[in-house]
Asker: 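Here's a structure for you.
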Amino acid sequence: MKNTKKDHHLTDKPANGTTVTNSQTAKLQAHELQDDKPQTLKPRGLKLAGAGVTAVIAIGGIALAAQQAQALSALSLVNTFTSSGGVGVTKNILYGDAPLQDLDMYYPKPLAQAMQTQAQESISESYPMVVFVHGGSWESGSKEDYAFVGQSLAQAGYITAVINYRKAPEHVYPDYVEDTAKAIAWSHDNAANFHADPQRLAVVGHSAGAFNMMAVVSNSDFLAPYGISPKDISAVIGIAGPYSYDFRKYGSSSAFANDATPDEVMPDRHIKGTQPPYLLLTAENDKTVYDQNTINMTKALRKYGATVENGVIKGASHATSIGAMAPPLRWLNDVRAQVLRYLDKELN
């Protein structure tokens with residue numbers, strides 16, 4: 001992993017509150033507004049971060065919420081010009097007690113519309129679910145930066161949780177991995193509250209986020225405290241993940257303890273438990289995370305007995321290997337098509 005400038009610099013404000021309980025009676029009730037204005041949902045039975053937080057559904061149009069409060073960056077610009085496509089979102093749901101242990105939940109358009117017009121108990125359709133873990137060298141990035149991923153996957157029919165997690169240098173390994181495990185377990189246990197099917201749950205990660213989710217799912221020790229195991233995950237997709245490298249030689253060393261070694265923390269050396277199927281993608285022109293990471297991880301998983309598919313995102317850089325999930329950038333490469341083909345095969 002090359003020592004380069006970090007490509008994400010927006011960070012989220014700490015979230016304070018209590019963990020959402022696994023209530024099967026949580027309801028989301030819509031407040032009717034004019035058709036040409038954003039729709040507001042008030043979640044019931046769910047804990048949200050901060051006071052007076054609302055969940056916004058944008059039926060069509062351009063997503064501009066909170067843009068004035070954000071510094072200009074490549075990611076904020078992508079989000080500014082990304083159509084919501086009629087999907088819904090409930091923001092700042094707590095999955096834990098610590099700062100940054102929160103997530104945003106995105107809903108496909110048919111479900112978003114049903115949640116506005118029907119009693120929640122009358123909604124019978126169940127949707128597949130994706131948990132997305134963002135990158136940022138473990139030091140930067142936030143769920144807000146990656147809203148376009150949640151929208152993109154929801155547009156394709158997947159209820160999608162885009163999560164935050166604690167960051168370095170204040171938090172080093174395994175804190176951010178443990179946060180990822182907590183968020184995945186919370187999403188699995190609360191799936192029915194959001195009209196999602198926990199038996200059709202996938203985890204997707206990019207860059208440092210791919211490391212996080214790989215560390216969690218490939219090693220059953222991280223999920224065990226929550227009563228679930230890797231076999232409870234139906235599919236895993238890693239995009240440009242640094243699964244197997246010597247972090248001591250690069251700037252990302254601040255994300256690990258001073259005395260840590262690759263053998264102690266790299267996921268390709270700690271595989272444990274019955275494994276789900278994997279799709280591991282590399283970016284053809286990636287100068288940040290080299291494909292040897294995926295080669296090593298694939299070899300280790302296959303040696304253990306896991307099913308692994310590989311793919312190359314032609315023409316993609318490290319940044320565009322996730323940025324092309326957004327409608328304005330989909331012409332750059334086929335990462336979205338590869339992700340959706342695999343999700344459709346494994347979840348539908």
Asker: Does any part of the side chain of Y158, heavy atoms only, come nearer than 4.5 Å to the side chain of L347, both counted from C-beta?
Answerer: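 The answer is yes, as the side chains (C-beta and beyond) meet within the 4.5 Å cut-off.
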Asker: With distance as the sole criterion, is a donor-acceptor pair present between the side chains of S187 and Y95 under 3.5 Å?
Answerer: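 No.
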Asker: Return all side-chain donor-acceptor pairs below 3.5 angstrom for residues 230-244, not counting sequence neighbours, or 'none' if the list is empty.
Answerer:
unit_1 : atom_1 : unit_2 : atom_2 : d
D232   : OD2    : S229   : N      : 2.9
S234   : OG     : Q199   : O      : 2.8
S244   : OG     : D268   : OD2    : 2.8
S244   : OG     : R269   : NH2    : 3.3
S244   : OG     : N296   : ND2    : 3.1

Asker: Looking at Y176 and A255, what are the two nearest heavy atoms and their distance?
Answerer: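 Heavy atoms of Y176 and A255 come nearest at OH-O, 2.7 Å.
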Asker: Let me confirm one number: the OG1-CZ distance from T180 to F211, rounded to the nearest 0.5 Å.
Answerer: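 Answer rounded to 0.5 Å: 10.0 Å.
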Asker: Heavy atoms, side chains only, cut-off 4.5 Å: are F194 and M105 in contact?
Answerer: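 A side-chain contact under 4.5 Å exists here.
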Asker: I want to know whether Y173 and W138 have ring centres closer than 6.0 Å.
Answerer: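 Not under 6.0 Å, so no.
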Asker: Output, in order, the C-alpha distance, side-chain angles, deciding distance and verdict of side-chain contact (heavy atoms from CB on, under 4.5 Å) for L281 and V339.
Answerer: CA-CA 9 Å; L281 300 175; V339 167; 4.2 Å; yes
Asker: For a 4.5 angstrom cut-off between non-hydrogen side-chain atoms, does H318 reach S207?
Answerer: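 Yes, their side chains come closer than 4.5 Å.
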Asker: Mind checking side chain to side chain contact (heavy atoms under 4.5 Å, CB included) for V172 and listing every partner two or more places apart, or none if nothing turns up?
Answerer: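 Applying side chain to side chain contact (heavy atoms under 4.5 Å, CB included) to V172 gives none.
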Asker: Please name the residue in the list V308, V289, V312, T282 that meets the side-chain contact (heavy atoms from CB on, under 4.5 Å) test with T294.
Answerer: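 Testing T294 for a side-chain contact (heavy atoms from CB on, under 4.5 Å) against V308, V289, V312, T282 leaves exactly one candidate, T282.
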Asker: Would you check, one step at a time, whether the test ring pair (Phe, Tyr, Trp, His ring centres under 6.0 Å) holds for H134 with Y165?
Answerer: CA-CA 9 Å; H134 72 77; Y165 53 87; 4.7 Å; yes
Asker: Would you mind reporting whether N333 and T320 have side-chain heavy atoms less than 4.5 Å apart?
Answerer: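 Yes, side chains in contact.
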Asker: Once you round to the nearest 0.5 Å, how far does CG of L94 lie from CD of Q101?
Answerer: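 With rounding to 0.5 Å, CG (L94) is 9.0 Å from CD (Q101).
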Asker: Hey, mind stepping through T90 and Y107 against side chain to side chain donor-acceptor pair (under 3.5 Å) and telling me if it holds?
Answerer: CA-CA 8 Å; T90 304; Y107 315 101; 2.6 Å; yes
Asker: Would you call I322 and V149 a side-chain contact if the rule is heavy atoms closer than 4.5 Å?
Answerer: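 When only atoms from C-beta onward are counted, V149 and I322 do touch, with a gap below 4.5 Å.
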Asker: Walk me through it: do F132 and H206 pass the test side-chain contact (heavy atoms from CB on, under 4.5 Å)?
Answerer: CA-CA 8 Å; F132 176 74; H206 174 253; 4.3 Å; yes
Asker: For the pair R200 (side chain) and M129 (backbone), establish whether a donor and an acceptor sit closer than 3.5 Å, ignoring hydrogens and angles.
Answerer: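 No, the answer is negative, given that no donor and acceptor are paired below the 3.5 Å cut-off.
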Asker: Could you tell me which non-hydrogen atom of A112 sits nearest to which non-hydrogen atom of G86, and how far apart they are?
Answerer: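 Heavy-atom minimum between the residues: CB-O, 4.1 Å.
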Asker: Would K314 and D334 pass as an ion pair if we require N to O under 4.0 Å?
Answerer: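 Salt bridge between K314 and D334, a charged N being under 4.0 Å from a carboxylate O: no.
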Asker: State the OG1-CG distance between T160 and L343, to the nearest 0.5 angstrom.
Answerer: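 Between atom OG1 of T160 and atom CG of L343 there are 8.5 Å.
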Asker: With sequence neighbours excluded, tell me which residues meet ring-ring contact (aromatic ring centres under 6.0 Å, His included) with Y106.
Answerer: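 Listed in chain order: nothing, the list is empty.
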Asker: Do I295 and M266 share a hydrophobic cluster, counting only Ile, Leu, Val, Met, Phe, Trp and Tyr and linking them when any side-chain heavy atoms are less than 4.5 Å apart?
Answerer: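 No, no single cluster joins them.
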Asker: Can you check whether A283's main-chain N or O pairs, donor with acceptor, with S321's side chain at less than 3.5 Å?
Answerer: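 Side chain of S321 to backbone of A283: no pair is present.
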Asker: Working to the nearest 0.5 Å, report the span between CG of L329 and OG of S152.
Answerer: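 The distance works out to 11.0 Å.
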Asker: Can you check side-chain contact (heavy atoms from CB on, under 4.5 Å) on K143 and D102, steps first, answer last?
Answerer: CA-CA 9 Å; K143 59 185 177 62; D102 61 350; 3.5 Å; yes
Asker: Between N219 and H270, is there a side-chain donor-acceptor contact under 3.5 Å, judged purely by atom types and distance?
Answerer: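 Looking only at side-chain atoms, N219 and H270 do not form any donor-acceptor pair under 3.5 Å.
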Asker: Contact between D291 and D286 at the side-chain level, heavy atoms closer than 4.5 Å - yes or no?
Answerer: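 Not touching, per the 4.5 Å side-chain cut-off.
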Asker: Given the rule that I, L, V, M, F, W and Y join up when any side-chain heavy atoms are under 4.5 Å apart, are Y304 and L280 in one cluster?
Answerer: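 Yes, Y304 connects to L280 through the hydrophobic network.
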Asker: How far does CD of Q155 sit from CD of Q151, to the nearest 0.5 angstrom?
Answerer: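 If we round to the nearest 0.5 Å, Q155:CD and Q151:CD are 6.5 Å apart.
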Asker: Applying side-chain contact (heavy atoms from CB on, under 4.5 Å), run through V265 and F247 and close with a yes or a no.
Answerer: CA-CA 10 Å; V265 301; F247 53 84; 3.3 Å; yes
Asker: With a 6.0 Å cut-off on the ring centroids, do Y127 and H195 count as close?
Answerer: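 Not close enough - the centres of the two rings lie 6.0 Å or further apart.
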Asker: For a quick check under 3.5 Å, do N310 and T298 share a side-chain donor-acceptor pair by atom type?
Answerer: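 Side chains of N310 and T298: pair found under 3.5 Å.
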Asker: Less than 4.5 Å apart, any side-chain heavy atom of I313 and any of E284?
Answerer: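 Side-chain contact under 4.5 Å: no.
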Asker: Rounded at 0.5 Å granularity, tell me how far CD1 in I163 sits from CG in L100.
Answerer: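 The distance works out to 10.5 Å.
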Asker: Would you say I228 ends up clustered with I271 if hydrophobic residues are merged whenever their side chains have heavy atoms under 4.5 Å apart, either directly or through other cluster members?
Answerer: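 I271 clusters together with I228.
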Asker: We want to know whether S142 and E144 form a side-chain donor-acceptor pair, criterion being a heavy-atom distance below 3.5 angstrom.
Answerer: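 E144 and S142 do have a side-chain donor-acceptor pair below 3.5 Å.
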Asker: Please say yes or no: joined through hydrophobic side-chain contacts below 4.5 Å, possibly via intermediate residues, are Y226 and V133 part of one cluster?
Answerer: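 No, because Y226 and V133 fall into different hydrophobic clusters, even though each may have its own neighbours under 4.5 Å.
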Asker: Decide yes or no for V204 and V131: does some side-chain heavy atom of the first lie under 4.5 Å from some side-chain heavy atom of the second?
Answerer: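 Sidechains of V131 and V204: no contact.
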Asker: Consider only side-chain heavy atoms of I, L, V, M, F, W and Y, link residues closer than 4.5 Å, and tell whether F148 and L340 are in one cluster.
Answerer: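 As far as the 4.5 Å side-chain criterion goes, L340 and F148 are connected within one cluster.
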Asker: Quick check: does any side chain N or O of N293 sit under 3.5 Å from a backbone N or O of Y290, one acting as donor and the other as acceptor?
Answerer: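 A pair under 3.5 Å: yes.
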Asker: If you draw a 6.0 Å radius around CG in N258, do more than 12 non-hydrogen atoms from other residues or ligands fall strictly inside?
Answerer: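 No.
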Asker: Check whether E264 reaches the backbone of T261 with its side chain - one donor and one acceptor, N or O, closer than 3.5 Å.
Answerer: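 Present.
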Asker: Any idea which heavy atoms bring L332 and A324 closest together, and the distance?
Answerer: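 So the minimum-distance heavy-atom pair works out to CB-CB, 4.4 Å.
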Asker: Other residues, nucleotides and ligands only: do more than 12 of their heavy atoms fall within 6.0 Å of NZ on K272?
Answerer: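 No, not enclosed.
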Asker: Using a distance-only test with no angle check, is there a side-chain donor-acceptor pair under 3.5 angstrom linking S218 and Q275?
Answerer: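 No - no donor-acceptor pair under 3.5 Å links their side chains.
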